[in-house]
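First up is the structure itself, then whatever we jot down about it.
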2 protein chains.
Amino acid sequence: MKRFDKSSITIKDVAKRAGVAHSTVSLVMNDREHVSPKLRERILKISNEMGYMPNMVARSLISKKSATVGVVFPENPHFFTITYFLMIIDGIQNACKKYDRALMFFSLDQTKGESYYKISRKWLIDLMIILNVDYTRDISKDIRDLKDNGIAFSLVTKYNGKEKVNSVCVDNLEGVRLALEYLASKGHKRIGFISGSPNSADGPERLDAFKVLSKKMGFDQDEDLIVHGDFTFESGEREVPKLLELKKRPTAIFAASDYMAIGAMRAMKAQGISIPGDMALMGFDNTLEVAYVEPPLTTIRQPLQEMGEKAVDLAVRSMNEENFEPQMAVLKPELIKRQSC
Amino acid sequence: MKRFDKSSITIKDVAKRAGVAHSTVSLVMNDREHVSPKLRERILKISNEMGYMPNMVARSLISKKSATVGVVFPENPHFFTITYFLMIIDGIQNACKKYDRALMFFSLDQTKGESYYKISRKWLIDLMIILNVDYTRDISKDIRDLKDNGIAFSLVTKYNGKEKVNSVCVDNLEGVRLALEYLASKGHKRIGFISGSPNSADGPERLDAFKVLSKKMGFDQDEDLIVHGDFTFESGEREVPKLLELKKRPTAIFAASDYMAIGAMRAMKAQGISIPGDMALMGFDNTLEVAYVEPPLTTIRQPLQEMGEKAVDLAVRSMNEENFEPQMAVLKPELIKRQSC
DNA sequence: GTTAACCTATGAAACGTTTCGATAAATCCA
DNA sequence: TGGATTTATCGAAACGTTTCATAGGTTAAC
């Protein structure tokens with residue numbers, strides 16, 4: 001096993017060259033007071049000449065802060081191909097730039113069930129973004145550990161535990177309302193719904209919203225107009241035939257995620273159903289792909305990038321502001337009209 | 001500014017509880033020899049009870065290794081929405097799991113032109129993957145610094161400098177050949193080409209391959225059958241009209257990237273051109289989106305996930321094997337037949 | 001029964017920072 | 001001018017590890 005040891009320039013090297021104590025150089029590097037302007041100037045010049053670069057790891061060890069944003073993501077074989085998450089991450093990366101932090105990723109299956117808190121301790125992550133919590137797993141102890149130890153974090157999902165935490169989510173009721181009102185305006189009153197995963201925050205919320213609003217708006221109320229997916233493409237493709245087989249077919253289908261809508265679209269095409277001619281189709285999320293499908297999918301946009309950025313903003317505030325109360329940011333969805341309705 | 005200081009369990013805490021020196025605990029934690037089985041057992045038990053977790057930062061500082069893979073990515077406003085890179089990253093993440101390393105990202109615009117080497121020193125990154133080198137920037141000094149200091153790295157692009165380095169790329173000549181032979185087999189002999197960015201490795205390579213092969217295969221050789229894009233959607237949309245305006249139109253268009261092909265597709269649709277009825281269209285890459293466009297795009301697959309994984313594999317080997325010679329891995333492309341030809 | 005060889009465990013030093021109390025120098029005020 | 005106050009700089013300690021030379025304690029060999 002090779003080692004690299006040609007050591008790089010440290011704060012002590014700079015100090016020696018400048019003929020001062022290395023603690024003084026440290027003060028300069030951190031823009032702290034109590035250093036005379038001319039000495040500061042001189043040290044800065046020398047450190048530039050020498051190409052000094054602070055060692056973030058040593059800094060991290062002593063200060064117990066890491067200058068990173070740690071993103072914890074759920075077990076998923078091909079996480080980095082799921083554009084839903086990636087748009088959130090794009091927002092997170094934006095924020096990283098703003099706060100000058102590097103980005104670290106931790107996959108839950110890799111960390112073998114280690115708690116969020118343990119991950120943060122292990123890597124001295126002081127700012128953590130938690131994506132898409134699995135509701136079958138009880139994370140309340142974990143959340144408490146994070147809070148008790150003063151680690152700043154946000155969830156990008158709704159959190160139902162009793163602890164007050166930073167979280168960012170979309171207004172699902174409003175999103176479903178936008179969709180249903182739009183479909184109603186197109187004359188639909190018999191609407192099929194493909195629900196999302198019951199083990200998430202969004203799945204049940206959108207389902208409830210659909211039930212409540214479709215009743216209120218006077219749509220057909222048959223039990224079998226609702227089928228149950230899990231947000232994935234495959235589940236959309238699998239579930240939509242149940243709607244198509246109904247003696248009395250819906251005139252529009254609303255899927256609780258874009259992936260399911262695209263899956264449904266494939267299944268519908270396979271049966272020769274024309275969209276929107278024979279049947280209208282709507283999705284939810286506005287992920288990257290949906291502008292490219294044929295027909296381009298009408299959907300409800302979740303402001304995913306904003307959500308990622310906001311999650312970091314909140315965590316940063318709870319780190320910096322003395323009496324910051326953790327908060328839930330509920331962002332507004334938006335109707336994106338394309339050609340599938 | 002709040003601080004979190006409720007300190008966590010360290011190796012010394014475990015040592016104290018076990019009544020041994022902390023260096024002994026260290027030996028146990030690292031599975032090193034020279035510890036009697038029964039003591040090892042006891043220490044392991046105690047450390048589990050106490051929930052000990054090694055501090056990776058301290059470990060990193062002393063060992064000058066970081067247990068991470070650092071990915072350096074090019075300046076790009078929305079990097080995390082570019083599926084081309086993300087598929088590579090998905091492969092890198094796979095490898096991270098395999099080698100039990102965490103993933104770190106460094107955006108070149110954020111690091112404000114810091115050299116790769118400086119980034120690696122700053123964060124003690126000992127394994128680095130460099131995505132998509134900009135050929136207008138001379139990185140040879142940077143590359144030499146990395147090599148001289150024993151930092152393992154791979155480029156995910158072809159590297160033309162004189163230093164031997166790990167790199168992973170696709171066989172562009174073969175890819176273009178697959179595309180052209182397929183088009184020829186469909187009876188095309190007048191083929192328009194949209195080239196990629198001249199500041200990359202792949203752009204000029206695919207362009208040259210097109211020129212050479214299209215001559216060899218006896219296709220029409222008009223200068224204006226070639227237009228110049230930069231791999232982006234917008235450039236495809238912008239450039240393709242030049243081909244459509246030709247007095248003698250091509251019967252097929254081959255774009256050097258999928259994004260350009262999709263852009264071209266939009267422009268062609270806007271002019272009422274039917275694909276593949278009026279004109280065939282091929283892309284290159286097989287990014288995520290192209291299966292969803294209408295018609296689904298026939299393209300040349302780059303094995304992006306494999307490339308990401310291979311890049312890490314090579315870097316790991318050059319770190320672990322005493323006399324490992326850096327190598328260039330040229331992966332084979334593959335023809336993906338869909339419905340645009 | 002002595003010496004050599006080995007194995008286990010130890011303690012100190014090191015990694016590159018930040019922080020903090022102490023000291024020295026400079027400035028102030030009377 | 002001298003004491004008090006402020007400012008500038010320093011040195012040591014700490015962060016949580018790994019590593020390495022060394023000291024005891026066993027065992028093996030003669």
Side-chain angles (χ1 to χ4, degrees), chain A residues 1 3-43 47 50-67 118 120-126 149, chain B residues 1 3-43 47 50-67 118 120-126 149:
Chain A
M1 183 92 78
R3 286 286 304 275
F4 61 103
D5 42 20
K6 185 172 158 188
S7 61
S8 46
I9 293 120
T10 73
I11 208 169
K12 289 185 182 171
D13 299 324
V14 177
K16 190 179 295 175
R17 179 91 80 96
V20 299
H22 72 274
S23 53
T24 307
V25 179
S26 173
L27 294 180
V28 173
M29 288 308 153
N30 293 296
D31 260 331
R32 304 271 300 271
E33 46 188 0
H34 299 307
V35 180
S36 69
K38 61 180 195 306
L39 179 55
R40 156 165 285 135
E41 197 64 27
R42 199 163 65 85
I43 290 179
S47 98
M50 299 179 76
Y52 168 72
M53 173 127 307
N55 179 325
M56 302 306 280
V57 170
R59 180 178 282 183
S60 183
L61 178 59
I62 189 77
S63 68
K64 302 206 178 189
K65 291 188 190 158
S66 67
K118 278 205 175 179
S120 90
R121 260 189 359 194
K122 181 168 177 179
W123 294 90
L124 300 186
I125 301 287
D126 57 342
N149 290 281
Chain B
M1 183 91 79
R3 285 287 304 275
F4 62 104
D5 42 20
K6 184 172 159 186
S7 60
S8 45
I9 293 120
T10 74
I11 208 170
K12 289 187 182 170
D13 298 325
V14 177
K16 189 179 297 176
R17 179 91 80 97
V20 298
H22 73 275
S23 53
T24 307
V25 179
S26 173
L27 295 180
V28 173
M29 288 308 151
N30 293 297
D31 260 329
R32 305 270 300 272
E33 47 188 0
H34 300 308
V35 180
S36 69
K38 62 179 194 307
L39 180 54
R40 156 165 283 133
E41 197 64 26
R42 199 163 66 83
I43 289 179
S47 100
M50 298 179 77
Y52 168 72
M53 173 126 308
N55 180 326
M56 301 307 278
V57 171
R59 180 177 282 182
S60 183
L61 178 60
I62 189 77
S63 67
K64 302 208 178 192
K65 292 188 191 159
S66 67
K118 279 205 174 179
S120 91
R121 259 189 2 194
K122 180 167 174 178
W123 293 90
L124 299 187
I125 300 288
D126 57 343
N149 290 282

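The sequence lines fix the lettering, A, B, ..., with proteins before strands; numbering per chain opens at 1. Because the structure is predicted, anything quoted here is derived from the model rather than measured. Quick note: numbers below take in every heavy atom, side chains included, and nothing from hydrogens, waters or symmetry partners.
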Please determine whether side chain to side chain contact (heavy atoms under 4.5 Å, CB included) holds for the pair A/Ile43 and A/Leu27, giving the CA-CA distance in whole Å, both sets of side-chain angles, and the decisive distance to 0.1 Å. CA-CA 10 Å; A/Ile43 290 179; A/Leu27 294 180; over 6 Å; no
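The A/Ser26 side chain lies nearest to C/dT19 when the options are D/dC15, D/dT18, C/dT19. Side-chain proximity of A/Lys12 to the nucleotides D/dT18, C/dT17, D/dG16 is greatest for C/dT17.
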Could you list the protein-to-nucleotides 8-10 of chain D atom pairs, N/O on both sides, closer than 3.5 Å?
residue, atom, partner, partner atom, Å
D/dT9, OP1, A/Ser36, OG, 3.4
D/dT9, OP2, A/Ser36, N, 2.9
D/dT9, OP2, A/Ser36, OG, 3.3
D/dC10, OP2, A/Ala21, N, 2.9
D/dC10, OP2, A/Thr24, OG1, 3.0

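Each end of the helix from C/dG1-D/dC30 to C/dA30-D/dT1 gets its own rotation axis from five pairs of C1' atoms, and the angle between them is 40° to the nearest 10 degrees.
Atom CD1 of B/Ile9 is separated from atom P of D/dT17 by 11 Å (rounded to the nearest Å). Straight-line distance from the NZ atom of A/Lys64 to the C1' atom of D/dT17: 13 Å, rounded to whole Å.
When every heavy atom of A/Gly51 is checked against every heavy atom of B/Arg121, the shortest pair comes out as O-NH2, 3.1 Å.
The phosphate of C/dT19 has OP1 or OP2 within less than 4.0 Å of a side-chain N or O from A/Arg32. Distances shown here put a side-chain N or O of B/Asn30 below 4.0 Å from the OP1 or OP2 atom of D/dT18.
In this structure, CZ on B/Arg40 lies 10.5 Å from OG1 on B/Thr24, to the nearest 0.5 angstrom. One finds the NZ atom of B/Lys65 at 12.0 Å from the CG atom of B/Leu124 (value rounded to the nearest 0.5 Å).
For A/Ile11, the side chain to side chain contact (heavy atoms under 4.5 Å, CB included) test picks out A/His22, A/Val25, A/Ser26, A/Tyr52, with sequence neighbours left out. Residues forming a side chain to side chain contact (heavy atoms under 4.5 Å, CB included) with B/Lys16 (at least two apart in sequence, or on another chain): none. With sequence neighbours left out, the side chain to side chain contact (heavy atoms under 4.5 Å, CB included) criterion links A/Ser66 to A/Ser60, A/Thr68, A/Ile125, A/Asp126.
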